[in-house]
Amino acid sequence: MPAPTIPLLRFSGSYTEVGAAIGDACRDTIVRDCDTGGWEPPLDRSIEDQLALADAYADATRPVMPWVFEELEGCAEAAGVDPRALWARCIEEIWYEPRTPGRAGAALTGRCSDLVAVAPATADGHTLTAHNNDMSRRYQDDLVAIERTCGDDPRILTIGNGIWISVGWNDAGLNLTGNELSPNDERVGIPRETQVRAMLRERTLRGMVEVALHPSRASSYNNVLADAGGGVANVEGSATDAEVTGADAAGHLVHTNHYVCDAMLGYEGDPDYAEHSAVRYRRAAELLASVPERGVTMDVLHGFLQDHEHQPDSICRHEAPGRTTVTAFWCVADVTAGAIRFGRGNPCDSTVQEYRFADASAAGHGA
């Protein structure tokens, strides 16, 4: 039996209409996540305390990104959930104890590995990216790929669950993947997951970077951004600081789930896990460095995502004692050609699906 694939959904219209379509299509996932009876807020906060805290994040976000709430309110109405609860579930920052300098705090369950290759590393000079997304098998069960067109925005493809986004691309030739970090300076502001959605509305790499660096952000992922013309911007951020780097002279960039830029090391809020993340980081860099100049292809990157060296801290992550995260999905993109390959589950044993911006009618077919 072939491995199950990720459903591809296509929606267009206003933000409210697209939000409603997602709410209708992903109702079960959204209803389950917004059931306050199953919530366990940190620091002994009550459910109403949690919603009130989410309101503060809304107050910081609404003046900057009002369209976000049009999409969320359409989704909430269609799914039949409280829009305040849905918004609260879009704010990762409020679901664990704050990380502060001098006190480590475990990150959420998201663990990801990214590899990027541009000229002179790639066979045809194209921009190539690869990403393993490590979450729970439950998250894997709820995965959807969504193609959406809202108003004057570029056409966007995302992979995530429900209305929540992990990675995305758009027909302006932009790529967004990345890695969860553990910044110790988080604050009330624009949630990092909302920034991801906002970055995908942009038409230039510079525009994406500006969104990633918005001064009202609550925290930050490590955002791996690339464009079809060979531009690469790795935004290693926190709430109050960031370092933007690019591909090295060989045309390589890798990142996992810890701070690597000297200027950002003081923001590491989970130093114990950083040591595990560094295993994947070093292995990814080693794999890219092993390929001769102009030798990197989509197939080569897909092979790297299947690497099991240094288990259980390997790039392709499977079940292991004491661990709840595994590789839930993977993707490899030729950003220059507008082609994305992806699959549900581990890249070593999943069905390959493909989407092309130039020919969206062929999107989602197995390959």
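Numbers here simply count residues along the sequence, with the first being 1.
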Pair Ile163, Leu86 - check side-chain contact (heavy atoms from CB on, under 4.5 Å), show working.
CA-CA 9 Å; Ile163 201 165; Leu86 180 57; 4.3 Å; yes
Less than 3.5 Å apart, any donor N or O on the side chain of [X] or [Y] sitting next to an acceptor on the other?
{"X": "Ser12", "Y": "Thr149", "answer": "no"}
{"X": "Asn132", "Y": "Ser113", "answer": "no"}
{"X": "Thr29", "Y": "Asn161", "answer": "no"}
{"X": "Arg111", "Y": "Thr325", "answer": "no"}
{"X": "Trp169", "Y": "Asn175", "answer": "yes"}

List, one per line, each side-chain donor-acceptor pair under 3.5 Å for residues 286-294, sequence neighbours excluded.
unit_1 : atom_1 : unit_2 : atom_2 : d
Glu286 : OE2    : Arg283 : NH1    : 2.5
Ser290 : OG     : Leu287 : O      : 2.5

Quick one: does [X]'s side chain get under 4.5 Å of [Y]'s, heavy atoms only?
{"X": "Asp114", "Y": "Thr129", "value": "no"}
{"X": "Val326", "Y": "Ser136", "value": "no"}
{"X": "Ile156", "Y": "Glu147", "value": "no"}
{"X": "Tyr57", "Y": "Thr194", "value": "no"}
{"X": "Thr16", "Y": "Phe69", "value": "no"}
{"X": "Arg201", "Y": "Trp67", "value": "yes"}
{"X": "Leu253", "Y": "Leu115", "value": "no"}

Residues which pass side-chain contact (heavy atoms from CB on, under 4.5 Å) with Ala328, listed by chain and number, not counting sequence neighbours
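Once residues adjacent in sequence are excluded, the partners of Ala328 under the side-chain contact (heavy atoms from CB on, under 4.5 Å) criterion are Met135, Tyr139, Gln140.
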Listed by chain and number, what are the side-chain contact (heavy atoms from CB on, under 4.5 Å) partners of Gln311, not counting sequence neighbours?
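If we apply the side-chain contact (heavy atoms from CB on, under 4.5 Å) test to Gln311, skipping adjacent residues, the hits are His308, Ser314.
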Quick check against the 3.5 Å criterion: does [X] have a side-chain atom that pairs as donor or acceptor with the backbone of [Y]?
{"X": "Glu210", "Y": "Gly207", "answer": "no"}
{"X": "Glu243", "Y": "Val235", "answer": "no"}
{"X": "Asn257", "Y": "Cys112", "answer": "yes"}
{"X": "His126", "Y": "Leu128", "answer": "no"}

Checking Tyr273 against His258 for the ring pair (Phe, Tyr, Trp, His ring centres under 6.0 Å) test, could you report, in this order, the C-alpha distance in whole Å, the side-chain angles of both residues, the deciding distance, and whether it holds?
CA-CA 8 Å; Tyr273 187 78; His258 64 293; 8.7 Å; no
Does His252 have any ring pair (Phe, Tyr, Trp, His ring centres under 6.0 Å) partners at least two apart in sequence or in another chain, and if so, which?
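For His252 there are no ring pair (Phe, Tyr, Trp, His ring centres under 6.0 Å) partners, ignoring immediate neighbours.
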Using a 3.5 Å cut-off and no angle test, enumerate the donor-acceptor pairs between side-chain atoms of residues 261-268 and protein atoms at least two apart in sequence or in another chain.
unit_1 : atom_1 : unit_2 : atom_2 : d
Tyr267 : OH     : Asp241 : OD2    : 3.3
Glu268 : OE1    : Tyr259 : N      : 3.2
Glu268 : OE2    : Asp270 : N      : 3.0

Should [X] and [Y] be counted in the same cluster of Ile, Leu, Val, Met, Phe, Trp and Tyr side chains packed under 4.5 Å apart?
{"X": "Val118", "Y": "Val254", "result": "no"}
{"X": "Leu205", "Y": "Tyr221", "result": "yes"}
{"X": "Ile94", "Y": "Ile190", "result": "yes"}

Against the six-membered ring of Trp95, is Arg89 placed for a cation-pi contact (under 6.0 Å from the centre, within 45° of the normal)?
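That pair qualifies as a cation-pi contact.
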Of all pairs that satisfy salt bridge (charged side-chain N to carboxylate O under 4.0 Å, His left out), the ones with a partner from residues 53-71, not counting sequence neighbours:
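Passing the test, one end in residues 53-71: Asp55-Arg84, Arg62-Glu73, Glu71-Arg148, Glu71-Arg197.
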Under 4.0 Å between a Lys/Arg side-chain N and an Asp/Glu carboxylate O for Arg341 and Asp299?
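Between Asp299 and Arg341 there is a salt bridge, with a charged N closer than 4.0 Å to a carboxylate O.
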Could you check whether the rings of Phe357 and Tyr355 sit parallel, tilted or perpendicular, using 30° and 60° as the cut-offs?
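Ring orientation, 0 to 90° scale: perpendicular.
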Kindly indicate, with the supporting measurements, whether the criterion salt bridge (Lys or Arg N to Asp or Glu O under 4.0 Å) is fulfilled by Arg137 and Glu319.
CA-CA 10 Å; Arg137 291 298 186 207; Glu319 281 76 5; 2.8 Å; yes
Would Cys75 and Ile30 satisfy side-chain contact (heavy atoms from CB on, under 4.5 Å), going step by step from the backbone distance to the final call?
CA-CA 9 Å; Cys75 182; Ile30 293 167; 3.4 Å; yes
Scan Asn133, Asn222, Asn234, Asp134 and name whichever one has a side chain to side chain donor-acceptor pair (under 3.5 Å) with Asn179.
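Among Asn133, Asn222, Asn234, Asp134, the one that satisfies the side chain to side chain donor-acceptor pair (under 3.5 Å) with Asn179 is Asn222.
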